[in-house]
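Being a predicted model, the structure only gives us computed values, none of them experimental. The chain is numbered in sequence order, starting from 1. Atoms considered below: every heavy atom in the structure, side chains included; atoms not considered: hydrogens, waters and symmetry mates.
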Amino acid sequence: QVQLVESGGGLVQPGGSLRLSCAASESIASFYAMGWYRQAPGKQREPVAIFTNGGSTNYADSMKGRFTISRDNAKNTVYLQMNSLKPEDTAVYYCHLLTMAFQTYWGQGTQVTVSS
């Protein structure tokens with residue numbers, strides 16, 4: 001099975017930046033979709049940024065212009081660059097992978113806290 005391990009979370013002041021990483025145990029060159037999701041306490045898990053294998057990238061409206069998703073197939077790693085962070089961005093951020101066989105995998109999550 002594929003294992004996904006997130007890192008890079010932490011405490012940051014409003015307006016600051018963080019870069020999250022998701023390292024996969026297997027090749028990420030072939031997949032149906034990959035993305036970042038987040039979940040705040042008492043809230044449903046929601047999509048943040050999604051790749052499709054055709055190369056398209058989609059962002060939630062509140063993240064457009066602030067967050068950027070990228071990938072490095074050689075390193076089996078996907079990234080989420082987060083700029084201009086706001087307190088409402090506070091959540092656990094999860095990496096997600098959906099394979100061509102429609103198997104789904106989740107990382108363990110990394111905590112992002114935006115507070116002064």
Side-chain angles (χ1 to χ4, degrees):
Q1 293 187 335
V2 179
Q3 294 183 1
L4 304 172
V5 180
E6 301 99 329
S7 62
L11 175 64
V12 64
Q13 292 184 334
S17 298
L18 285 173
R19 189 192 193 197
L20 306 183
S21 298
C22 174
S25 62
E26 305 291 340
S27 174
I28 62 170
S30 298
F31 55 89
Y32 187 78
M34 293 186 68
W36 289 92
Y37 293 72
R38 70 184 185 186
Q39 187 168 20
K43 304 289 186 179
Q44 290 186 316
R45 190 170 297 184
E46 62 178 349
V48 174
I50 306 293
F51 275 125
T52 66
N53 206 25
S56 64
T57 305
N58 303 108
Y59 297 91
D61 287 343
S62 63
M63 268 67 78
K64 290 180 179 178
R66 299 191 298 123
F67 291 8
T68 303
I69 188 171
S70 62
R71 60 188 171 186
D72 187 333
N73 289 345
K75 296 181 178 180
N76 294 329
T77 300
V78 63
Y79 305 95
L80 183 67
Q81 178 67 46
M82 305 186 295
N83 299 323
S84 301
L85 284 163
K86 305 174 181 179
E88 52 263 43
D89 295 319
T90 296
V92 177
Y93 285 71
Y94 297 90
C95 182
H96 176 256
L97 169 65
L98 184 66
T99 71
M100 291 294 187
F102 301 105
Q103 296 171 303
T104 188
Y105 298 92
W106 292 96
Q108 84 284 359
T110 185
Q111 177 71 47
V112 172
T113 302
V114 185
S115 177
S116 59

Could you go through the side chain to side chain contact (heavy atoms under 4.5 Å, CB included) check for Gln111 and Thr90 one step at a time?
CA-CA 8 Å; Gln111 177 71 47; Thr90 296; 4.0 Å; yes
Tell me if a side-chain donor or acceptor on Thr110 pairs with a main-chain N or O of Gly9 at a distance below 3.5 Å.
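Flag set: sc Thr110 to bb Gly9 pair under 3.5 Å.
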If you apply the rule side chain to side chain contact (heavy atoms under 4.5 Å, CB included), what do you find for Asn76 with Ser27, and how did you get there?
CA-CA 6 Å; Asn76 294 329; Ser27 174; 4.1 Å; yes
Rounded to the nearest 0.5 Å, what separation is found between the CD atom of Gln13 and the CG atom of Leu11?
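It is 8.0 Å, given to the nearest 0.5 Å.
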What residues, two or more places apart in sequence or in another chain, satisfy salt bridge (Lys or Arg N to Asp or Glu O under 4.0 Å) together with Glu46?
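So Glu46 forms a salt bridge (Lys or Arg N to Asp or Glu O under 4.0 Å) with Arg38.
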Check salt bridge (Lys or Arg N to Asp or Glu O under 4.0 Å) between Arg71 and all other residues, then give those that pass, not counting sequence neighbours.
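Once residues adjacent in sequence are excluded, Arg71 has no partner under the salt bridge (Lys or Arg N to Asp or Glu O under 4.0 Å) criterion.
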Other members of the hydrophobic cluster containing Met82, with the 4.5 Å side-chain heavy-atom rule, please.
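Reading the cluster by chain and number, Met82 sits alongside Val2, Leu4, Val12, Leu18, Leu20, Ile28, Phe31, Met34, Trp36, Val48, Phe51, Tyr59, Met63, Phe67, Ile69, Val78, Leu80, Leu85, Tyr93, Leu97, Tyr105, Val112, Val114.
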How would you list, by chain and number, every residue that makes a side chain to side chain contact (heavy atoms under 4.5 Å, CB included) with Ala40, sequence neighbours excluded?
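For Ala40 the side chain to side chain contact (heavy atoms under 4.5 Å, CB included) partners, ignoring immediate neighbours, are Lys43, Ala91.
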Output all residues satisfying side chain to side chain contact (heavy atoms under 4.5 Å, CB included) with Ser17, sequence neighbours left out; order by chain, then residue number.
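With sequence neighbours excluded, Ser17 shows a side chain to side chain contact (heavy atoms under 4.5 Å, CB included) to Gln81, Asn83, given in chain and number order.
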So with a 6.0 Å cut-off around [atom1] of [X], is the heavy-atom count from everything else above 12?
{"X": "Glu88", "atom1": "CD", "result": "yes"}
{"X": "Tyr32", "atom1": "OH", "result": "no"}
{"X": "Gln3", "atom1": "CD", "result": "no"}

Closest non-hydrogen atom pair, [X] against [Y]:
{"X": "Pro14", "Y": "Ser116", "answer": "CD-N, 3.8 Å"}
{"X": "Pro47", "Y": "Ala60", "answer": "O-CB, 3.8 Å"}
{"X": "Thr52", "Y": "Ser56", "answer": "OG1-OG, 2.5 Å"}
{"X": "Val5", "Y": "Gln108", "answer": "CA-OE1, 3.4 Å"}

Electrostatic pair Asp61:Lys64 at N-O distance under 4.0 angstrom:
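So Asp61 pairs with Lys64 through a salt bridge.
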If you look only at pairs with a residue in residues 52-86, which of them pass as a disulfide (SG to SG under 2.5 Å), with sequence neighbours excluded?
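Qualifying pairs, neighbours excluded: none.
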Assign the ring pair His96 / Trp106 to parallel, tilted or perpendicular, where the plane angle (0 to 90°) is split at 30° and 60°.
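His96 vs Trp106 ring planes: tilted.
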